[in-house]
Student: 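Quick one: structure below, then a few questions.
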Amino acid sequence: MNGTDPQPSITSPCVKVCQLDENDVCLGCGRSLDEIGAWSRASNAERRRILENAAARLPRQDEGLP
C-alpha cells in the first residue's frame, strides 16, 4: 500500500475456501484471480471496489449462473 490512506487497511475477505471456478473467480470470497493478486498493493478505495465487485459475483455463483 502507498501509505497515504489515513484509515486502517481493509482486511482480506478470504474465507479459506480458495477454489477458483471456470472463470477464475474464487468460490469462497468472489474475487477474481487478478483481484486476489492485486489485493496486497491496493489502496482502501481499490479494496472497496474489489469487495463490491466480489459481492456482486457471489449470488450468481450460489445460483449456479455464470
Side-chain angles (χ1 to χ4, degrees):
M1 242 172 45
N2 59 19
T4 62
D5 198 335
Q7 297 178 345
S9 289
I10 297 172
T11 59
S12 171
C14 180
V15 295
K16 309 287 190 256
V17 171
C18 304
Q19 292 182 346
L20 299 177
D21 68 9
E22 64 278 355
N23 297 311
D24 285 338
V25 172
C26 179
L27 298 174
C29 68
R31 293 180 294 168
S32 71
L33 189 58
D34 289 339
E35 291 168 337
I36 292 167
W39 186 264
S40 64
R41 300 179 310 279
S43 67
N44 275 348
E46 292 166 325
R47 288 179 178 194
R48 280 188 285 276
R49 182 188 48 78
I50 290 170
L51 291 176
E52 288 172 6
N53 291 340
R57 290 184 196 108
L58 287 176
R60 286 185 276 161
Q61 288 181 353
D62 292 342
E63 296 169 10
L65 299 174

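Because the structure is a prediction, the values reported are computed rather than measured. Along the sequence shown, residues carry numbers from 1.
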Student: Out of curiosity, C29 SG to L51 CG, how far, rounded to the nearest 0.5 Å?
Tutor: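 It is 9.0 Å, given to the nearest 0.5 Å.
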Student: Are any side-chain N or O atoms of D21 and backbone N or O atoms of N23, one a donor and one an acceptor, separated by less than 3.5 Å?
Tutor: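 Confirmed, D21 side chain pairs with N23 backbone.
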Student: Search all heavy atoms of L20 against all heavy atoms of L33 and return the closest pair with its distance.
Tutor: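 That closest heavy-atom pairing would be CD1-CD1, 3.9 Å.
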Student: Any chance you could measure R57, atom CZ, to E35, atom CD, to the nearest 0.5 Å?
Tutor: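 R57 atom CZ to E35 atom CD measures 4.0 Å (nearest 0.5 Å).
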Student: Who pairs with C14 by side chain to side chain contact (heavy atoms under 4.5 Å, CB included), at least two apart in sequence or on another chain?
Tutor: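 Testing C14 for side chain to side chain contact (heavy atoms under 4.5 Å, CB included), a comparison that skips the adjacent residues, returns S12, K16, C18, R31.
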Student: Measure across C26 and I36 and return the closest heavy-atom pair with its distance rounded to 0.1 Å.
Tutor: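 Scanning both residues, the minimum pair turns out to be CB-CD1, 4.0 Å.
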Student: Do you know the tightest heavy-atom contact between I50 and A42?
Tutor: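 For I50 and A42, the tightest heavy-atom pair comes out as CD1-CB, 4.5 Å.
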Student: Would you give the length of the straight line joining atom CZ of R47 to atom CD of E52, rounded to the nearest 0.5 angstrom?
Tutor: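 Answer rounded to 0.5 Å: 14.5 Å.
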